[in-house]
Each structure stands twice: as C-alpha cells, then as structure tokens.
Amino acid sequence: GKLARRVPVTVVPGGVDLDRFPQKPAAQANPAPVLLTVRNLVRRMGLDRLRDAAGLLMHQGRDYRLLIAGHGPLRHELEVLARPLGERCRFLGPVGEEDLARLYQEADLFVLPTAAIEGFGLVILEAFATGTPVVGTPVGAIPEQVARQGEGYVAEKASAADLARAIARFLDRPDRIAPDRLRALAADLSWRRRAERLRDLYQQVIANRR
C-alpha cells in the first residue's frame with residue numbers, strides 16, 4: 001500500500017508559573033539537609049523505595065530530614081515502613097499552594113523516586129523555579145529534565161540503593177548548582193515561554209498555508 005505522508009510534529013510540553021513559585025530569598029543553613037518529595041501516595045511513585053533509600057542513608061550515618069507531601073491510599077503503609085526512621089521522616093499530607101512554594105524554598109534537595117510512568121514531571125520545574133535542585137530516577141522524562149542541571153543528578157536505576165547513592169552523591173558534591181541558575185532554567189521553561197513558542201508555531205503554520 002501507499003506510505004502515509006509524514007506530518008511534522010512539534011511538541012510544546014508543560015511549563016511552570018514563576019509567580020506561583022518564587023525563588024528562595026537567600027542561602028539557607030538547615031541543621032540537617034532537607035530532602036523533599038511531593039507525590040500522590042500510590043505505588044508507581046516509588047515512595048517505598050525512597051523510604052528504603054532513606055534507611056540506607058541513615059545506616060551510613062548521614063543526617064537529614066525527609067519531608068513527604070501529598071496524600072493517597074498508601075499513606076498508612078508508608079508511615080508504618082518509615083517508623084524506623086523516627087523523626088527523620090515526616091508525612092505532611094495535602095499541602096496548599098502557598099505552603100507548597102515555601103516547602104520547595106526550604107528544601108535542600110527535591111527527590112523524585114518514580115518507579116514507573118512519569119510523563120513530564122512538572123514538580124521538577126517547580127523545584128527549579130524556587131532554586132532547589134532535583135535528583136530523580138531514570139524513568140520517563142525525568143532524565144531529560146533533571147539533566148539540565150548537569151551530570152550526576154539521575155540515579156543509575158530506579159532502585160533504593162541507586163537512589164540512595166544519587167542522594168549521597170549530591171550531598172557530597174562541592175559544586176552544587178546555584179539557585180540563580182536553576183531559576184534561569186525554570187524561566188526558560190515557563191508558561192510564558194511555552195505560550196510564545198505556541199504562538200510562533202501557529203504563525204508558522206498560517207504562513208505555510210498561504
């Protein structure tokens with residue numbers, strides 16, 4: 001049969017509202033590094049692996065605070081799994097917009113432990129907007145977005161051991177990416193820029209049809 005005519009495809013992905021997620025005001029000195037994740041508490045989000053990774057970091061003698069924001073059917077199960085972590089781990093439940101921006105700002109690192117199916121990861125851009133770096137698993141579009149920071153921010157596999165190694169690597173690195181640079185990355189991925197790109201695309205399509 002005849003081959004179908006190839007149609008050019010342009011992808012205009014999601015973005016971030018810079019006004020909703022302002023940059024952290026200044027360098028902060030938390031008593032212990034604050035690790036944050038914001039997720040629906042369902043299986044594919046990999047939160048059980050994050051808990052196991054946190055346990056590995058604890059056994060290595062590392063000091064940290066893990067904050068888990070969000071709600072879902074696995075909350076009770078995850079809270080039980082996290083009991084050995086003690087006060088190192090807190091479940092915050094659902095978080096409003098203003099509190100969410102503040103959490104991003106106060107965190108030293110945002111962790112995205114997804115085990116399966118991660119289409120784009122808007123939380124990555126929200127963290128970037130506030131100047132907070134992101135470590136994530138090699139699932140879906142996470143590597144593409146996280147790699148914008150440079151090398152070493154993506155775990156080798158979506159396992160607890162590899163996630164723990166990626167977090168430890170971040171905590172030990174002397175060349176942490178600056179909040180201003182992360183904000184600039186977010187600005188390039190803002191909804192305003194996405195809208196401009198979509199406008200230009202429509203103008204191009206209209207011009208080609210004339």
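Starting from 1, each residue takes its place in the sequence as its number. Quick caveat, the model's predicted, so the values are computed rather than measured.
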- [ ] Go through the steps for R165 and D162 under the test salt bridge (Lys or Arg N to Asp or Glu O under 4.0 Å), then give the verdict.
- [x] CA-CA 5 Å; R165 277 191 285 269; D162 286 295; 3.0 Å; yes
Open item on the list: Please evaluate residues R39 and E118 with respect to the criterion salt bridge (Lys or Arg N to Asp or Glu O under 4.0 Å), reporting the C-alpha separation (whole Å), side-chain torsions for both, the decisive distance (0.1 Å), and the verdict.
Closed with: CA-CA 11 Å; R39 304 269 77 191; E118 187 71 57; 2.9 Å; yes
Open item on the list: Minimum heavy-atom separation for P138 and A155, please, with both atom names.
Closed with: CD-O, 3.3 Å
Open item on the list: For R148, give me all partners under salt bridge (charged side-chain N to carboxylate O under 4.0 Å, His left out), at least two apart in sequence or on another chain.
Closed with: none
TODO: Enter the distance from S190:OG to D17:CG here, rounded to the nearest 0.5 Å.
DONE: 9.0 Å
Task: Heavy-atom donor-acceptor pair, R49 side chain to A115 backbone, under 3.5 Å - done: no
Task: For the student: nearest non-hydrogen atoms of A129 and V16, plus distance - done: CB-CG2, 4.2 Å
Task: salt_bridge(R51, D48) N-O dist < 4.0 Å - done: no
TODO: Could you grab the distance from atom CG of L35 to atom CZ of R65, nearest 0.5 Å is fine?
DONE: 9.5 Å
Open item on the list: Checking L112 against V146 for the side chain to side chain contact (heavy atoms under 4.5 Å, CB included) test, could you report, in this order, the C-alpha distance in whole Å, the side-chain angles of both residues, the deciding distance, and whether it holds?
Closed with: CA-CA 10 Å; L112 199 56; V146 170; 5.6 Å; no
Open item on the list: Counting C-beta onward and ignoring hydrogens, is there a side-chain heavy-atom pair between R88 and D63 closer than 4.5 Å?
Closed with: yes
TODO: Check V135 against A166 and note the closest heavy-atom contact, atom names and distance.
DONE: CG1-CB, 3.7 Å
Task: Selection residues 90-116 - residue pairs positive for ring pair (Phe, Tyr, Trp, His ring centres under 6.0 Å), sequence neighbours left out - done: F21-Y104, Y104-F110
Distance-only donor-acceptor pairs under 3.5 Å for side chains of residues 74-86, two or more places apart:
from	atom 1	to	atom 2	distance (Å)
R75	NE	E79	OE2	2.9
R75	NH2	E79	OE2	3.4
E77	OE1	R43	NH2	3.3
E77	OE2	R43	NH1	3.0

Task: Student check: side-chain heavy atoms of V42 and P73 closer than 4.5 Å - done: yes
Open item on the list: Nearest 0.5 Å, please: how far is CD1 in I177 from CG in L182?
Closed with: 4.0 Å
Task: Note, V34 side chain near L67 side chain (heavy atom, < 4.5 Å) - done: yes
Task: Minimum heavy-atom distance P133-L109, with the two atoms named - done: O-CD1, 3.6 Å
Open item on the list: Taking the side chain as everything from C-beta on, heavy atoms only, tell me whether L92 gets closer than 4.5 Å to V38.
Closed with: no
Open item on the list: Can you tell me how far apart CD (Q105) and CG (L100) are? Round to the nearest 0.5 Å.
Closed with: 10.0 Å
- [ ] With the side chain counted from C-beta on, respond yes when I68 and R90 share a heavy-atom pair under 4.5 Å apart, and no when they do not.
- [x] no
Open item on the list: Please say yes or no: joined through hydrophobic side-chain contacts below 4.5 Å, possibly via intermediate residues, are M58 and L56 part of one cluster?
Closed with: no
Task: Verdict with supporting geometry, D108 and L171, side chain to side chain contact (heavy atoms under 4.5 Å, CB included) - done: CA-CA 9 Å; D108 294 288; L171 295 176; 5.9 Å; no
Task: Presence of salt bridge, E97 and R20, under 4.0 angstrom - done: yes
- [ ] Would you kindly check if the NZ (Lys) or CZ (Arg) of R173 is within the cone defined by 45 degrees around the ring axis of Y153 and under 6.0 Å from the six-membered ring centre?
- [x] yes
Task: Euclidean distance, L66 CG relative to L47 CG, rounded to 0.5 Å - done: 9.0 Å
Open item on the list: Take a 6.0 Å sphere around CD of Q60 and say whether it holds more than 12 heavy atoms from other residues, nucleotides or ligands.
Closed with: yes
- [ ] Output, in order, the C-alpha distance, side-chain angles, deciding distance and verdict of salt bridge (Lys or Arg N to Asp or Glu O under 4.0 Å) for R62 and D172.
- [x] CA-CA 11 Å; R62 291 183 178 274; D172 291 339; 2.7 Å; yes
Open item on the list: Using side-chain heavy atoms (C-beta onward) and a distance below 4.5 Å, is I142 in contact with V154?
Closed with: no
TODO: Answer yes or no: is there a side-chain heavy-atom contact under 4.5 Å between R183 and L18?
DONE: yes
- [ ] Look up atom CG in L185 and atom CD in Q145, then write down how far apart they are to the nearest 0.5 Å.
- [x] 10.0 Å
Open item on the list: Using a 3.5 Å distance criterion without hydrogens, assess whether the side chain of T137 forms a donor-acceptor pair with backbone atoms of T114.
Closed with: yes
- [ ] Tell me, with the steps shown, if N30 and E106 meet side chain to side chain donor-acceptor pair (under 3.5 Å).
- [x] CA-CA 8 Å; N30 291 319; E106 293 177 354; over 6 Å; no
Task: Within-4.5 Å side-chain heavy-atom neighbours: L50 and V111 - done: yes
Open item on the list: Does R44, at its CZ atom, have more than 12 non-hydrogen atoms belonging to other residues, nucleotides or ligands within less than 6.0 Å?
Closed with: yes
